[in-house]
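Scroll down for the structure; my scribbles are underneath it.
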4 protein chains.
Amino acid sequence: MKNQKPKYHQIIEAAVKVIAENGYHGSQVSKIAKEANVADGTIYLYFKNKEHILVSLFEVKMGEFIDQIAKAIEACSTASDQLYTMIKMHFGQLSTDYYLAIVTQLELRQSDISLRLQINQVLKPYLTIIDGIIQTGIKQQQFREDLNIPLVRQMIFGTLDEIVTNWVMKDQKYPLVDMAPEIHRMLVSALTAQQISK
Amino acid sequence: MKNQKPKYHQIIEAAVKVIAENGYHGSQVSKIAKEANVADGTIYLYFKNKEHILVSLFEVKMGEFIDQIAKAIEACSTASDQLYTMIKMHFGQLSTDYYLAIVTQLELRQSDISLRLQINQVLKPYLTIIDGIIQTGIKQQQFREDLNIPLVRQMIFGTLDEIVTNWVMKDQKYPLVDMAPEIHRMLVSALTAQQISK
Amino acid sequence: MKNQKPKYHQIIEAAVKVIAENGYHGSQVSKIAKEANVADGTIYLYFKNKEHILVSLFEVKMGEFIDQIAKAIEACSTASDQLYTMIKMHFGQLSTDYYLAIVTQLELRQSDISLRLQINQVLKPYLTIIDGIIQTGIKQQQFREDLNIPLVRQMIFGTLDEIVTNWVMKDQKYPLVDMAPEIHRMLVSALTAQQISK
Amino acid sequence: MKNQKPKYHQIIEAAVKVIAENGYHGSQVSKIAKEANVADGTIYLYFKNKEHILVSLFEVKMGEFIDQIAKAIEACSTASDQLYTMIKMHFGQLSTDYYLAIVTQLELRQSDISLRLQINQVLKPYLTIIDGIIQTGIKQQQFREDLNIPLVRQMIFGTLDEIVTNWVMKDQKYPLVDMAPEIHRMLVSALTAQQISK
DNA sequence: CATGAATGAGATTTCATTCAT
DNA sequence: GATGAATGAAATCTCATTCAT
């Protein structure tokens, strides 16, 4: 698959590297072209414009990211396990891919709103996965049945995202994955029917 | 107070409006100057450069935002009440100030990293307030004593921030403050010592 | 005389200092005003515009410069002595007034052509003095009678000016006045009727 | 040779013309680009910035200027002949190239000191030629052996430069080259061992 | 398919000068 | 006479995109 459209992937990989190293505003098309070993004009044979490189980058990388998570979750039976797996995978993948973490958590957020809306579209399958976990939890009577699903989804995603962003900005001084159990415990508590606390 | 440094505040207010209406990249200094009814050059009597307008804007507006929250919280005795008040205030203030919500949730995030770091400094007092609530809850034995405070803080802030951002991006179709009780309930559950769930 | 129009002279002196220290393009009117301890607007009560400050500066300073030379020359009987005195005075005065040398030799030359033409007017009396010396030398049959006076004047002035400029640019590493006898000897030779060198 | 890097030379020639006609401060990059029939941005493919256009202009033009003189001098055996040739060439070349004379004698002197220092570097080979002539004259026992070479060089260059500048400022009303014999005579006299004038 | 030279629109900031107090 | 806050015109340079080869 990598050998189909080799230039296409060359350019995407070059873009990730260039953006991670030079920042969003320091990443000119010509710099990406040079890193990809193609001419500036060649970029435009594969991408409509600069914004399209970034959207495609996000599509490809987030696609893999989400696929990994989806696959891993299939193996889990309870909603709690699924959530735990998701958190570990989310943290794990971004821990592993240094450049990707910088690009998605810091640099790509500097894009303008039109690009951000497209990025949100790419994230939708991830949000759907989260929704699925929540619904599973409700069905399994592990989570409260009166949960407002979009709200819960925003809590979960907002929490994970904020934690990763903090970790990236603090130069990854601690192992991100170690945070998973604690986060998992808190999120499950948040969603679980409370015993009468007297 | 508004009459002290009137031009300074004129320019800040103009900047909020212009950025909310034209987007970060569509907000030229000359546009802000025209909206503020001053000459382009006048801007530079009050602000070192364009970035400094944005930092100042954030300082002034977030300063007020945080002060309001801090004051409201003083009246609350339990950590749970404090948290509820904070959520309501956070949502309430951004619901009320349409322009400010757009600017802080969407537009200012497009700034480059140097500006984002300055913005983070401005947010610190807010994070300190959150930490205070958590510690109060622990002391009052309402929250678990083994909480990882930075992590909890990131969960709380990430959750609220993601919810507001979603609300802004969906054109504020629902009353944001109505989300407060549900969020509060989930967050308190997340932090509360769980009964043995068998 | 200094107490008449005290502000006028304050501003001139401030301009010399500011230009010497900050360079021509680093010398804003506001900087000169601050150095002179007056308000920006006050400058315009004494000078029509910025260019006028510079012309006036040159008039005052070159006026003194030329007066000193003229007075010294009166005491000399032969053209050769007059020339020697002139050279010594020219070098001596610029050696003594560090700031003035920088301003006249380096900074003021960056002015535009309209200002340079005015500066040339101020220099005219100096050129007249040089012409006078040449004519005296011819009358005294010390210099050749077929000299092209404007040309000779340009040689003399061009030589002195170039030497001073080199001296200023090389950070005044050697005593400028020490060059006088050598220069004098060469210039006198240039103007003297040559013996048949067969 | 002109057809190598054609745009580069187009821009240089355009710069000379535009600066001669509009003055240093009236020569915007866009004006030079229009005169050169290229887009504004094209300038920056060949020159790092505006200052670099001016330095390059001076390098190219003075390079040719100096080469011509150097070549012409090779054919002369005595130092006196060399000096005469140099003067004639110096005057001749600037007489011929109207625009160049204005640019080098008047406009380029308005540049700031950093540019002037670079210009001085370009002039160095010319000064070396002058030094060579002086040394030849000494070796040939035509000139005095106790000459202070740097001083003599400054006299020669300062004289020629001042004369050309006067000629340019007076709108070239007389044929500059006609001055050569007179100047040559005076300079040779200045450097020649004097007969005892008793 | 690939190239890369050329394009040209667009915005921040400075600073001489004014004028109401 | 003196002030200094306010003015606003003006120009360099970048970089996404094109198109002839």
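A, B, ... follow the sequence lines: proteins, then strands. Residue 1 opens every chain.
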Worksheet item: Quantified in whole Å, what is the P atom distance between nucleotide F/dT21 and nucleotide E/dC1?
Response: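 These two P atoms come out 23 Å apart once rounded.
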For [X], all residues meeting ring-ring contact (aromatic ring centres under 6.0 Å, His included), sequence neighbours excluded:
| X | result |
| --- | --- |
| A/F65 | A/H90, A/Y126 |
| A/Y24 | none |
| B/H52 | B/F47 |

Fill in: Contact boundaries on DNA chain F for chain D, cut-off under 4.0 Å to non-hydrogen atoms
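Contact boundaries, 5' end first: F/dA11 to F/dT14.
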Worksheet item: Reckon D/V29 touches a base, only the sugar-phosphate, or nothing at all at heavy-atom distances under 4.0 Å?
Response: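 Since only primed, P, OP1 and OP2 atoms lie under 4.0 Å of D/V29, the category is sugar-phosphate.
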Discussion item. Any residue in residues 42-50 of chain D with a heavy atom nearer than 4.0 angstrom to DNA chain F? Just list them by number, or reply none.
Written reply: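 Residues of residues 42-50 of chain D that come under 4.0 Å of DNA chain F are, in numerical order, D/Y44, D/N49, D/K50.
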Worksheet entry | Residues from residues 33-40 of chain A lying under 4.0 Å of DNA chain F - heavy atoms |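 Nucleic-acid contacts, sorted: none.
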Fill in: Inter- and intrachain pairs under side-chain hydrogen bond (donor to acceptor under 3.5 Å, both in side chains), touching residues 41-50 of chain C, at least two apart
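For residues 41-50 of chain C: none.
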Discussion item. Could you tell me if the side chain of D/E107 sits less than 4.5 Å from the side chain of C/I113, heavy atoms only?
Written reply: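 In short, these two side chains touch, coming nearer than 4.5 Å.
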Worksheet item: Would you say C/K7's side chain and C/V38's backbone share a donor-acceptor pair under 3.5 angstrom?
Response: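 No, because the side chain of C/K7 does not come within donor-acceptor range (under 3.5 Å) of the backbone of C/V38.
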Could you work out, with side chain to side chain contact (heavy atoms under 4.5 Å, CB included) as the rule, every residue matching [X], not counting sequence neighbours?
| X | value |
| --- | --- |
| B/V168 | B/A101, B/I102, B/Q105, B/L106, B/V164, B/Q172 |
| D/Q121 | D/K124 |
| C/V122 | C/F58, C/E59, C/M62 |
| A/N37 | none |

Worksheet entry | Residues A/E13 and A/K61 bridged, charged N to O under 4.0 Å |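 Here A/E13 pairs with A/K61 in a salt bridge, since their nearest N and O are under 4.0 Å apart.
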Worksheet item: Is the closest basic N to carboxylate O distance between A/D112 and B/R109 below 4.0 Å?
Response: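 So A/D112 does not pair with B/R109 through a salt bridge.
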Just how far, in rounded Å, is [atom2] of [N] from [atom1] of [X]?
| X | N | atom1 | atom2 | value |
| --- | --- | --- | --- | --- |
| C/H25 | E/dA16 | NE2 | P | 10 Å |
| C/Q28 | E/dC15 | CD | P | 4 Å |
| B/N22 | E/dA11 | CG | C1' | 14 Å |

Fill in: Paired stretches of DNA chain F - 3 or more consecutive Watson-Crick or G-U pairs, each distance under 3.5 Å
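Ordered by first number, the stems with DNA chain F (at least 3 consecutive pairs each) read E:2-21 with F:2-21.
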Worksheet item: At what distance, to the nearest 0.5 angstrom, does OG of B/S56 lie from CD of B/Q118?
Response: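 The OG atom of B/S56 sits 9.0 Å away from the CD atom of B/Q118.
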Worksheet item: For DNA chain F, whose closest nucleotide is more 5', that of C/G41 or that of D/S30?
Response: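 Between the two, 5'-proximity favours C/G41.
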